There are 2 protein chains.
Amino acid sequence: MSKTKPTPGLRERPLLSPIQAGGLAAVFKVLANDTRLRLLHALVRAGELCVSDLAATLAMKPQAVSNQLQRLLDLGILACRRDGNNMHYQVVDCCVKGLLEQGWCLMESADGRGGCSPRFGDCE
Amino acid sequence: MSKTKPTPGLRERPLLSPIQAGGLAAVFKVLANDTRLRLLHALVRAGELCVSDLAATLAMKPQAVSNQLQRLLDLGILACRRDGNNMHYQVVDCCVKGLLEQGWCLMESADGRGGCSPRFGDCE
DNA sequence: ACACGATTACACAATATAGTGTAATCGTGT
DNA sequence: ACACGATTACACTATATTGTGTAATCGTGT
């Protein structure tokens with residue numbers, strides 16, 4: 001399994017240094033919030049949405065939405081484009097969708113125990 | 001039962017409800033911490049380790065390590081086995097490794113911008 | 001220039017989180 | 001039974017995070 005590249009070898013890598021771990025934690029931290037998750041999912045589904053649409057979709061105030069959007073923007077997960085008064089956001093990071101999928105899997109396996117379909121990882 | 005499509009269709013799924021999003025956020029929350037990340041990585045590398053080994057590896061106190069281990073245990077990510085006075089922990093969730101890999105990818109792309117290798121996701 | 005709507009910036013209050021210190025629990029060996 | 005080491009439980013403190021409220025900024029249309 002470690003001949004081809006599909007597994008970059010998490011197991012072979014040297015132990016995470018506290019700094020690396022901090023960086024990795026920062027990535028997960030940005031996903032560790034239901035608002036940002038719903039924002040991300042709404043954007044994945046719609047492709048592109050503006051702040052007010054997002055606010056309406058999530059039934060939240062534009063300020064709160066914008067705040068979280070900035071967070072996602074800082075990490076390079078989103079990109080935005082201005083159209084008149086509106087700012088349209090979209091997901092540009094290619095890893096985030098997979099992350100969401102896998103997270104979903106983990107959630108189901110954590111919740112119902114065994115909801116993880118085998119193709120996601122090599123359950124040894 | 002779910003021998004269906006290779007892509008669960010993040011895009012086709014109905015919008016995340018606040019409850020679902022909360023559950024998913026809980027999953028990411030558990031990974032949103034450098035200590036737990038280092039714990040996980042150490043366990044993936046070694047296969048199985050006991051609390052004191054882990055504490056020594058991370059240069060942390062056993063109590064702190066144990067606390068985080070419980071968290072990982074609650075989510076069903078780890079399993080433990082007693083061997084005399086020692087408790088050995090190991091990763092049993094099949095999704096978590098993939099999650100770590102993808103998170104690493106996202107970290108690199110967020111950090112250096114463009115470090116995400118294309119094989120991870122279908123950058124469309 | 002001006003008003004208006006959309007978005008963002010920022011300080012603030014409420015809540016959650018992590019590691020520490022102390023004490024309890026569990027298994028082993030004598 | 002007893003002492004010891006390993007692990008865990010729990011209260012506590014410092015810190016971080018979220019949504020709110022207010023105000024500033026930006027683009028459009030008149």
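In this text the structure is predicted, and so the values were computed from the model without any measurement. Each chain gets a letter, A, B and so on, in the order the sequences are listed, and its residues count up from 1.
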Does the side chain of [X] get closer than 4.0 angstrom to OP1 or OP2 of [N] through an N or O atom?
X: B:Ser52; N: D:dT7; answer: yes
X: B:Tyr89; N: D:dT8; answer: yes
X: A:Thr35; N: D:dG19; answer: yes
X: A:Asn86; N: C:dT7; answer: yes

**Study point:** Working for side-chain contact (heavy atoms from CB on, under 4.5 Å), residues A:Cys50 and A:Asp83
**Key:** CA-CA 9 Å; A:Cys50 70; A:Asp83 172 38; over 6 Å; no
Review point. Heavy atoms, side chains only, cut-off 4.5 Å: are B:Leu72 and B:Tyr89 in contact?
Key: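 No, their side chains stay 4.5 Å or more apart.
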Base-pairing mate for [N] - Watson-Crick or G-U, with both contacts under 3.5 Å:
N: D:dT28; value: C:dA3
N: C:dT15; value: D:dA16
N: D:dC10; value: C:dG21

Exercise for review: Give one of base, sugar-phosphate or nothing for B:Gln63, where a contact means two heavy atoms less than 4.0 Å apart.
Suggested key: base
Check your understanding: Hey, does B:Asn33 reach any base, or is it just sugar-phosphate, or nothing, if we go heavy atoms under 4.0 Å?
Key -> sugar-phosphate
Exercise for review: Could you please name the option among C:dT8, C:dA18, D:dT28 that lies closest to any side-chain atom of B:Arg71?
Suggested key: C:dA18
Point to revise | Minimum-distance nucleotide (side-chain atoms of B:Asn85 versus D:dT8, C:dG27, C:dT7) | key: C:dG27
Nearest-angstrom distance from the residue atom [atom1] of [X] to [atom2] of [N]:
X: B:Leu37; N: C:dA18; atom1: CG; atom2: C1'; value: 15 Å
X: B:Lys61; N: D:dA9; atom1: NZ; atom2: C1'; value: 17 Å
X: B:Asn67; N: D:dC10; atom1: CG; atom2: P; value: 11 Å
X: B:Leu73; N: D:dT8; atom1: CG; atom2: P; value: 8 Å
X: A:Arg36; N: D:dG19; atom1: CZ; atom2: C1'; value: 12 Å
X: B:Met87; N: C:dT25; atom1: CE; atom2: P; value: 16 Å
X: B:Arg82; N: C:dT25; atom1: CZ; atom2: C1'; value: 9 Å
X: A:Gln70; N: D:dT25; atom1: CD; atom2: P; value: 16 Å

**Study point:** Of B:Ile77, B:Asp74, B:Val51, the residue whose pairing with B:Leu69 passes side chain to side chain contact (heavy atoms under 4.5 Å, CB included)
**Key:**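 Running side chain to side chain contact (heavy atoms under 4.5 Å, CB included) over B:Ile77, B:Asp74, B:Val51 with B:Leu69 returns exactly one hit, B:Val51.
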Exercise for review: Quick one: sort the B:His41 and B:Trp104 rings into parallel, tilted or perpendicular, breaks at 30° and 60°.
Suggested key: perpendicular
Review point. Got a second to check how far B:Thr35's OG1 is from B:Met60's CE, nearest 0.5 Å?
Key: 4.0 Å
